[in-house]
Novice: 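Quick one: the structure is below, and I'll ask about it shortly.
Keep in mind that the numbers below use all heavy atoms, side chains included, and drop hydrogens, waters and symmetry copies.
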Amino acid sequence: MLTLIKGGHVVDPASGRNGVGDVWIEDGRINAAPESREPDESFDASGCIVMAGAIDIHSHIGGGNVNTARLLLPEYHKAHLLRPNATPLSNLGWSTHQTGCLYAQMGFTTVVEPAMSPANALHTHLELADIPIIDRGTLAILGNDDFLLSLIRDNASPDMIEDYVAWTVASARALGVKTINAGGSAAFKENVRTFSFDDEVPSYGVSSRRIVKTLQTAVASLGIPHPLHVHCNNLGVPGSFETAATTMGAAEGVPMHLAHLQFYGYGTEGKRRFSSAAAQLAEIVNASPEITIDVGQVMFGQTVTISSDALRQFAARGSARPKKSVIYDGEGNGGGIVPFAYKNDYYGSLQWAVGLELFLLINDPWRVFFTTDHPNGAPFTAYPALFKLLMSREARREAMENLNPQALKHTTLGSLDREYSLEEVAIMTRAAPSKLLGLADRGHLGDGAVADVAVYRRDEDAERMFGAAELVFKNGELVVRQGEVVSLRPGKTLRVATQPDKAIVKKLEGYHQQRYGLSLDWFDFPDWAVGRDEPFGEVPCRT
Amino acid sequence: MSGLTFTLLAEPTQRLDLSPLTPQKLAGLSAGEIEKIELGGGGDQVKVGDCFKVEGSDPETIVFEGGSKRLDWIGTDMEAGSIRVTGDAGALLGRRMTGGSIVVKGSVGPYAGSQMQDGRVEIQGDAGDLAAGPMAGELRGMCGGTLIIRGRAGERLGDRMRRGLVAALGGCGDYPGSRMIAGTIVVAGEAGRMPGYLMRRGSILLDRPPQELSPTFIESGPWFSAFASLLERHLMQEGIVDYPFLGEGPMRYVGDNAVPGKGELVISSLKV
Amino acid sequence: MTVAWIGNRDAQVPLAIEHATALLVKSRCPVITLDTDVDATRAALALARRAGAVCDTLSDGVRQETALFTSSGGMFIAPTEAIRRADVVLIVGTLPPSAMEFLQKLAQTEPDLAGGKSRTVFSLASGDLPDEVAKVARVISARDTSVSGAAALLRSMHAVRRTAVSLEGFEELGAALAEARFVAIVCSGHGCDALALEMLQGFVSDLNTSVRASMVLWPASERGWGSALVSTWNAGFPLPVSFQSGVAEHDPRRFRASRLIEEGEADVWLHVGSEPVSPPDGIELIVLADVANPIDRAAVTIATAEHDSVVFSGMAGTFVAKAAEASAPSAASVLSQILEQLPEREVAPC
Ligand SMILES: [Zn+2]
């Protein structure tokens, strides 16, 4: 079957295309040179922008903690009200079904759930498999688990650590590795309440820095395409920009990704000792080519924070709104679910501005990624409004009129005139994620790419334009037409194919028998358990 | 012309959502328009005219002639006027109402007066669980107004209540006033276990000892508060009770000390 | 050998499925009760959506556990982590039989992540414990106070606030709590209702002002809790969830299956799971279960078996895969076949 998307303005940074032209799809792939054949079906894209399907690198869409958030907040589900009304979280993508549909409607076709506890991997994959239309990927969390901390304490060889990381990625079916407040959750279990980069986990004498460096090295040596994904210590704390700066300094030329940098962009100036340090952080990012970041933009309204940073979430319990929360001490990593409402008061205004400063002050769109850390900064349904803020300084000025002027004084936002071009948006949400995650087959419209295509009706108002795509194709199949979902095809979960060594499996078997009295099978699962035909798609390691 | 009467044609075969039928929402509508209003709640699309014979014209005074346990959400968000149900009603009677009055001749399902703000609800029969309580997940129960249950109330009467007056005159199930934050609950008749469990503030008045009293309520002597006689007088004036139902020298307990709370549990020994 | 029955008569499975479908088609208020694996729950939810049915569990304990999450949340710890870390364990209320192996592990092992400290186990209102546990557990007694009262006493006495009576043996517990590395409160909706669990969470929260503490919440029904979690991600709500009005709704009172069945609101009852069930008059019962004989008074019984399946495990604190082979069809496949035969119905997605 040959499909033609005709006469749209094609924006494909990977190939340098930026002008009116055609895009051809055949058998689920882009066909760059269909010769002079007649298409079987044709879509008129004149007046439209045509891009590859967008890729979200960091959005909490499934797994134990996400499901616990649903369990905690039934009153925010739209159907809880008598006549489904717009409640603050009603468009949050609450069920797996909604998640897939809402992402597809915005032209997103691949989304990465960034925080899978390996002990909970099967649960995560069961949920991801129930999200229709889009492809998913997920990062395995390491860095608070006794096995790794013990290896580091005992000065295990780099090979042994690499084997363990490889086994974890393989058995958890992960796309990469994330570390979350490395050592912090383990320390919290030992009653430590604050934890910084050079603090040590008491029982191990191992610092957060050492954990991060160990994992960063292992991920790089294994050739896992996505660099270590780091959620730094001290999230949300005034002065945490120093933690982020120190962490970036520790990258030492080796690739490292810092998640939701906005939540670390805080200095301690002003009367409230809470100011923007975005400019300092942006300067470091600009000067460090090995660093990539995503923003974790805050938008106003009710949301729920979902994080595996149990230490931080425990500290945030008091600010829960509504007043309920869940804190979980899991194996290795746990988590915390704390509902929160961002208001346009001093603190909320400042957080909002810090995110935008990072977007606008980091020069290279290949190294700054578009996220709200869904749902921590805002639900992903706020993306269209955020695109508008990035693409229009006028929209930002208008928004700032309703915000706390004292807070804005402690930022540089008012002086920033930059406006993202469509090409920069396409880099940030398509081409760059493809490169960052090692997903060579998507994020662009080159020959042979997976035919994930988003077609937007051109509109001066970027929020309207990106809110409801005119057409979306997933693997060449039409899934959205005029903003409405027309097909609920199943997607795949993308995993990196690491090859764990036999010896580590034996060692782990012994460890689990001895420590839990349980066989290693309890901590692994066969593919059939996901309950879908061919649930996984494989992504190769770099060689 | 008199009030607006909805006569139930037959026992409904599915739950019906009657929230559109309040004085405010019906104001200015013709009988024909009212008959076309869709009632959600069950599987089939049902219109008012399919279930009710509609007579009269003044929506300030609404009567549901006949009744059923399947008539949910009666008087939701009602602001003023009156609703009378001549039989039973279903769940969520008077949910979030801010004014006006509702009288139900029969018994009602769970969550009667849920999150009501003001106004008056009187149920002449029994009420289900969580009368004056929140729905699942919500952190606030009743926030004002008066809820009178002449029959027996179910479990967790006044759960998470914040303000207002609740009276159950035919007793109640377990945990009346659970997690109560403020307000007043009056129970005449047999009360179940653990009144005031996890309560912070507010008053629960019982005309006899409950089935089980939590050991985290501490006796603090006879109740001599000026509030006592004031409250009894108010209850009599309002026609809620027709006798000084606490009698002489009821005992006062303070708790729930586990929380810690400063609520009071007043128990008369009149009906031991 | 695949077996099914229509009433008491043997029937071919396809015929039984046809009969079950016909009952659901003409039903005004179908109810599906589940205590089952992930795939069967997924299939039952899809079926409920199409049939406008209510899905629920028959486990009252799961309902209590769900209510704890929806109304207040709390602090929880994975059972396996508690085994390795908890030096002070307090069992409160009775636990279901599925928890006994876990309790034995707690009683018979020492924590390896508790800085060298050994484990002390206390119990409060826990009924009969396995011998290995009873042998080592220090019993705190609340005498004739109910478990909710005992939980309130525990919290109050730990905070040194006045109480009308005292817990016997609290002093030793109080001393252990003050010195603890990690306290695990072990309980379940099986033995504690939602308010007692909330009280215990208040206690956990109090403890965390000075030491680390958390709760092992052992599900009253492992499969029932698993079904509730699957419903939570699929429909956005835990059980019970109703699709009667076209959108998913959660209400533990209006849609409680046992109420719908007892009060005659439901007219067809489809049960997927192994608990014994018996229909009241006027309701058509369809049972999918691992049985050798037809269920008494059921309209349709289909013998199903768990094949390779995924179920919730209390010990793992999450879902685990269980490989198995069987000749009888899986409940999921039977449910899917019923779904395929049901006519389309307009239902809004959740
Ligand atoms: Zn995140």
Novice: Do C/D206 and C/R155 meet the salt-bridge criterion of a basic N to acidic O distance under 4.0 Å?
Specialist: yes
Novice: Would you call C/R256 and C/V54 a side-chain contact if the rule is heavy atoms closer than 4.5 Å?
Specialist: no
Novice: Heavy-atom distances under 4.5 Å only: say whether C/D267 touches chain B with side chain, backbone, both or neither.
Specialist: neither
Novice: Would you call C/E265 and B/K69 a salt bridge, taking side-chain N to carboxylate O under 4.0 Å as the test?
Specialist: no
Novice: Is it the backbone or the side chain of B/L213 that comes under 4.5 Å from a heavy atom of chain C, or both, or neither?
Specialist: neither
Novice: Hey, are C/R63 and C/D60 close enough for a salt bridge, meaning a charged N less than 4.0 Å from a carboxylate O?
Specialist: yes
Novice: Go through C/S148, C/A164, C/G202, C/A150 and name the one with the most non-hydrogen pairs under 4.5 angstrom from chain B.
Specialist: C/S148
Novice: Under the side chain to side chain donor-acceptor pair (under 3.5 Å) test, which residues partner B/T13, sequence neighbours left out?
Specialist: C/R28
Novice: Given side chains that start at C-beta, do those of C/L124 and C/L167 come closer than 4.5 Å, heavy atoms only?
Specialist: yes
Novice: Specify which of C/R162, C/M199, C/E198, C/R161 makes the most heavy-atom pairs with chain B at under 4.5 Å.
Specialist: C/R161
Novice: Checking heavy atoms, do the side chain of C/E263, its backbone, both or neither come under 4.5 Å from chain B?
Specialist: neither
Novice: Can you tell which part of C/S146 gets under 4.5 Å to a heavy atom of chain B, answering side chain, backbone, both or neither?
Specialist: both
Novice: Please state whether the side chain, the backbone, both or neither of B/P110 comes within less than 4.5 Å of a heavy atom of chain C.
Specialist: side chain
Novice: Under 4.5 Å, counting heavy-atom pairs only, tell me which of B/G109, B/P260, B/S214 racks up the most with chain C.
Specialist: B/P260
Novice: Among C/C29, C/S156, C/G149, who wins on heavy-atom pairs under 4.5 Å with chain B?
Specialist: C/S156
Novice: Considering residues at least two apart in sequence or located in another chain, which fulfil the ring pair (Phe, Tyr, Trp, His ring centres under 6.0 Å) criterion with B/Y175?
Specialist: B/Y197
Novice: Could you check if a side-chain atom of B/R208 sits within less than 4.5 angstrom of a side-chain atom of B/I267, using non-hydrogen atoms only?
Specialist: no
Novice: Taking NZ, NE, NH1 and NH2 as the nitrogens, is one of them in B/E264 or B/R201 under 4.0 Å from a carboxylate oxygen of the other?
Specialist: no
Novice: Test of understanding: with side chain to side chain donor-acceptor pair (under 3.5 Å), list the residues that count as partners of C/S221, not counting sequence neighbours.
Specialist: C/D35
Novice: Can you check whether anything in residues 154-164 of chain B gets within less than 4.5 Å of chain C, heavy-atom wise, and list it by number?
Specialist: B/E155, B/R156, B/R160
Novice: State, yes or no, whether a side-chain contact exists between C/L90 and C/F203 at a heavy-atom distance under 4.5 Å.
Specialist: yes
Novice: Count the heavy-atom pairs under 4.5 Å between each of B/N257, B/D129, B/V259, B/D72 and chain C, then report the option with the highest count.
Specialist: B/N257
Novice: Side chain, backbone, both or neither: which part of C/A152 has an atom under 4.5 Å from a heavy atom of chain B?
Specialist: both
